[in-house]
Participant: 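Structure incoming, see below.
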Amino acid sequence: MPELPEVETIRRDLVSRIVNKKIASVEVKKPKLVKNKLKDFINALKGNKIRDIKRRAKLLVFVLSDNKYLLIHLKMTGQLIFCQGKAITGGGHPFAVSKDWQLPNKYSHVIFTFSNNSQLFFNDLRQFGYLKIVEEKELLKILNDYGIEPLTADFTLKNFKNILSKSRTAIKTLLMDQKQIAGLGNIYASEVCFSAKVKPDRPANTLKEKEIKDLYRACNLILKKAIAKRGTTVNNYVDASNRQGSFAKLLQVYGRAGRKCRRCKKGTIVKTRINNRSAYYCNYCQY
DNA sequence: CGGAGTGTTAGTCG
DNA sequence: CCGACTAACACTCC
């Protein structure tokens, strides 16, 4: 579900709420989502403090006060929802939880309770997500295996060009390859290709100088804009405060199969499959 | 009812 | 090494 902008939105929301909070207890209802021995996991967290929350690609890294790190990956349908008392606070404007939005619900597989009784719920319908405690050495190895991180100094046009020139896989697939470029997923990869007027199935190493430059710009622009809009809600993604992201209104191609192109007004948005994933593009203004 | 599809990625196989 | 494909799971849609 969440891609870089959604995970970043969750990170920012959580930082303001749980940094420096002490974990009083942890309840694990689905042990298979925890990649440590259950006992070790709980022992490491109980009584610990959350010092900071970082993000690499779509992975959240909770920095604990004793040089250990809690990794949380939400994969397709994971959520992290913070709850204080009966209200889920968000943006300084607390609102009541609706009657049908009880927490925990049947997808709440791990529940953190802090010493002031506030709680963090890890919900995951499809149960692909995971939680893992690691020491610094393993953390560094995991972070190292990711490719260049957009919106950082590492993400230069030169690096980007270099990656594209070395692969003949479809550009959209390459954009989603976390070992190359870290953080883009299925929605934003289609959007980036549209923005640069590049057909998503073009082999990456056949792209022209200008197309590469436009793709590079589009990555930066779209990710920044999406973060500013607090991400994209397609089905049921919500941020850490149970709110929907508003970038969905700005999507140009994803989920718009059969509709007129918003840019050229001539073409139609077509849905195809590239490497087993859905891809959308305008059949008139993308080449 | 059955089958396809869903925002991710680790693992496998050629 | 590279690249393509699949499984992990629960639910919705046609």
Side-chain angles (χ1 to χ4, degrees), chain A residues 1-10 29-35 55-60 71-80 100 105-110 122-132 134 138 141-147 162-194 200-206 222-223 226-227 229-239 244-258 271-280:
Chain A
M1 157 174 65
E3 305 180 33
L4 188 154
E6 292 76 37
V7 177
E8 176 62 15
T9 299
I10 291 167
K29 298 186 172 183
K30 274 266 190 289
K32 73 163 184 174
L33 302 184
V34 170
K35 301 303 169 190
R55 177 191 59 75
R56 176 86 161 95
K58 305 168 194 170
L59 181 69
L60 286 168
L71 309 181
I72 300 188
H73 203 301
L74 302 174
K75 293 281 184 86
M76 295 278 269
T77 51
Q79 302 176 323
L80 279 173
D100 54 344
N105 59 35
K106 62 175 174 170
Y107 309 119
S108 303
H109 304 313
V110 182
F122 176 85
N123 301 337
D124 193 355
L125 186 150
R126 290 176 72 179
Q127 302 169 203
F128 292 170
Y130 66 84
L131 303 88
K132 183 175 192 184
V134 297
E138 186 176 356
K141 184 193 165 348
I142 290 169
L143 299 188
N144 242 327
D145 283 345
Y146 280 111
N162 190 33
I163 288 167
L164 268 54
S165 69
K166 281 181 179 157
S167 171
R168 51 209 152 72
T169 198
I171 181 61
K172 173 185 167 274
T173 304
L174 184 62
L175 288 172
M176 291 193 296
D177 183 345
Q178 305 298 299
K179 287 187 162 44
Q180 307 294 335
I181 296 147
L184 288 172
N186 207 41
I187 294 180
Y188 295 110
S190 272
E191 294 296 318
V192 164
C193 290
F194 173 83
D201 63 352
R202 289 270 301 282
N205 62 359
T206 66
I222 287 173
L223 289 174
I227 290 171
K229 295 291 177 187
R230 304 180 56 80
T232 301
T233 295
V234 176
N235 280 329
N236 47 20
Y237 159 79
V238 288
D239 62 30
Q244 303 198 343
S246 60
F247 192 75
K249 298 188 198 88
L250 301 181
L251 292 177
Q252 302 298 304
V253 287
Y254 186 87
R256 296 193 72 246
K271 179 181 182 179
T272 54
R273 273 191 107 68
I274 300 174
N275 285 308
N276 258 332
R277 304 300 306 280
S278 64
Y280 298 81

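Below, chains carry the letters A, B, ... as their sequence lines are ordered, and counting in each starts from 1. Worth saying up front: this structure is predicted, and the values here are computed from it rather than measured.
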Participant: Do the side-chain N or O atoms of A:Arg273 get closer than 4.0 angstrom to the phosphate oxygens (OP1, OP2) of B:dA4?
Facilitator: no
Participant: Without decimals, in angstroms, what is the distance between A:Gln180 CD and C:dC1 P?
Facilitator: 13 Å
Participant: Rounding to a whole Å, what distance do you find between A:Arg277:CZ and B:dT9:P?
Facilitator: 9 Å
Participant: If every non-hydrogen atom of A:Leu125 is compared with every non-hydrogen atom of A:Tyr107, which pair is closest and at what distance?
Facilitator: CA-CD2, 3.7 Å
Participant: Could you check which of C:dC11, C:dA10, B:dG7 has an atom nearest any side-chain atom of A:Gln127?
Facilitator: C:dA10
Participant: As a test of reading the structure: which of B:dG7, C:dA4, C:dC9 is closest to the side chain of A:Asn275, going by heavy atoms?
Facilitator: C:dA4
Participant: Looking at every heavy atom in both A:Leu184 and A:Leu175, which two are closest together, and how far apart are they?
Facilitator: CB-O, 3.4 Å
Participant: Answer yes or no: does a side-chain N or O of A:Thr169 lie under 4.0 Å from OP1 or OP2 of C:dA4?
Facilitator: yes
Participant: I want to check one thing: is the phosphate of B:dT8, taken as OP1 and OP2, less than 4.0 Å away from some side-chain N or O of A:His73?
Facilitator: no
Participant: Choosing from C:dA10, B:dG7, C:dG3, which nucleotide comes nearest the side chain of A:Ser278?
Facilitator: B:dG7
Participant: CZ of A:Arg126 versus P of B:dA10: gap in Å, rounded?
Facilitator: 16 Å
Participant: Applying side chain to side chain contact (heavy atoms under 4.5 Å, CB included) to A:Ile227 and A:Leu4, what does each step give before you reach the verdict?
Facilitator: CA-CA 8 Å; A:Ile227 290 171; A:Leu4 188 154; 4.0 Å; yes
Participant: Looking at A:Lys166, I'd like to know whether one of its side-chain N or O atoms comes within less than 4.0 Å of OP1 or OP2 on C:dG3.
Facilitator: no
Participant: May I have the distance from A:Tyr130 (atom OH) to B:dT8 (atom P), rounded to whole angstrom?
Facilitator: 14 Å
Participant: What's the closest nucleotide to the side chain of A:Phe128 if the choices are C:dC5, C:dA8, C:dC11?
Facilitator: C:dA8
Participant: Suppose you measure atom P in C:dA7 against the same atom in B:dG3; what distance do you get, rounded to whole Å?
Facilitator: 15 Å
Participant: Which value, in whole Å, describes the distance between the P atoms of nucleotides C:dC9 and B:dC1?
Facilitator: 22 Å
Participant: For a quick test of reading the model: is some side-chain N or O of A:Lys179 closer than 4.0 Å to OP1 or OP2 of B:dT9?
Facilitator: no
Participant: Counting only N and O atoms by type, is there a donor-acceptor contact under 3.5 Å from the side chain of A:Glu191 to the main-chain atoms of A:Tyr254?
Facilitator: yes
Participant: So what does A:Lys32 touch, heavy atoms closer than 4.0 Å: a base, only the sugar-phosphate, or nothing?
Facilitator: sugar-phosphate
Participant: To the nearest Å, how far apart are A:Lys271 NZ and B:dG7 P?
Facilitator: 8 Å
Participant: Do the side-chain N or O atoms of A:Tyr188 get closer than 4.0 angstrom to the phosphate oxygens (OP1, OP2) of B:dG7?
Facilitator: no
Participant: So which nucleotide does B:dG3 pair with, by the Watson-Crick or G-U wobble rule with both distances under 3.5 Å?
Facilitator: C:dC13
Participant: Of all heavy-atom pairs between A:Lys172 and A:Ser190, which one has the smallest distance, and what is that distance?
Facilitator: CE-OG, 3.8 Å
Participant: Tell me whether the side-chain N/O atoms of A:Lys75 come closer than 4.0 Å to OP1 or OP2 in C:dA8.
Facilitator: no
Participant: Using whole Å, report how far CD of A:Glu6 lies from P of B:dT6.
Facilitator: 17 Å
Participant: Considering only the P atoms, how many Å lie between C:dC11 and B:dT9, rounded to the nearest integer?
Facilitator: 22 Å
Participant: Counting only N and O atoms by type, is there a donor-acceptor contact under 3.5 Å from the side chain of A:Glu6 to the main-chain atoms of A:Thr232?
Facilitator: yes
Participant: When you get a sec, tell me which of C:dA4, B:dT9, C:dA10 is the closest nucleotide to the side chain of A:Tyr107?
Facilitator: C:dA10
Participant: Mind checking the C1' distance from C:dG3 to B:dG7? Whole angstroms is fine.
Facilitator: 23 Å
Participant: Of the listed nucleotides (B:dG7, C:dG3, C:dC9), which one gets closest to any side-chain atom of A:Ser167?
Facilitator: C:dG3
Participant: Taking CG from A:Asn276 and P from C:dG3, how many angstroms apart are they, rounded to a whole number?
Facilitator: 17 Å
Participant: Nearest of C:dA10, B:dT6, C:dC5 to any side-chain atom of A:Met76?
Facilitator: B:dT6
Participant: Grab the two heavy atoms, one from A:Arg56 and one from A:Gly147, that are nearest each other, plus how far apart they are.
Facilitator: NH2-O, 2.8 Å
Participant: Need one value for A:Lys35: base, sugar-phosphate or nothing, where a base atom within 4.0 Å counts as base even if backbone is also close, heavy atoms only.
Facilitator: nothing
Participant: Provide, to the nearest angstrom, the distance between the CG atom belonging to A:Leu175 and the P atom belonging to B:dT8.
Facilitator: 13 Å
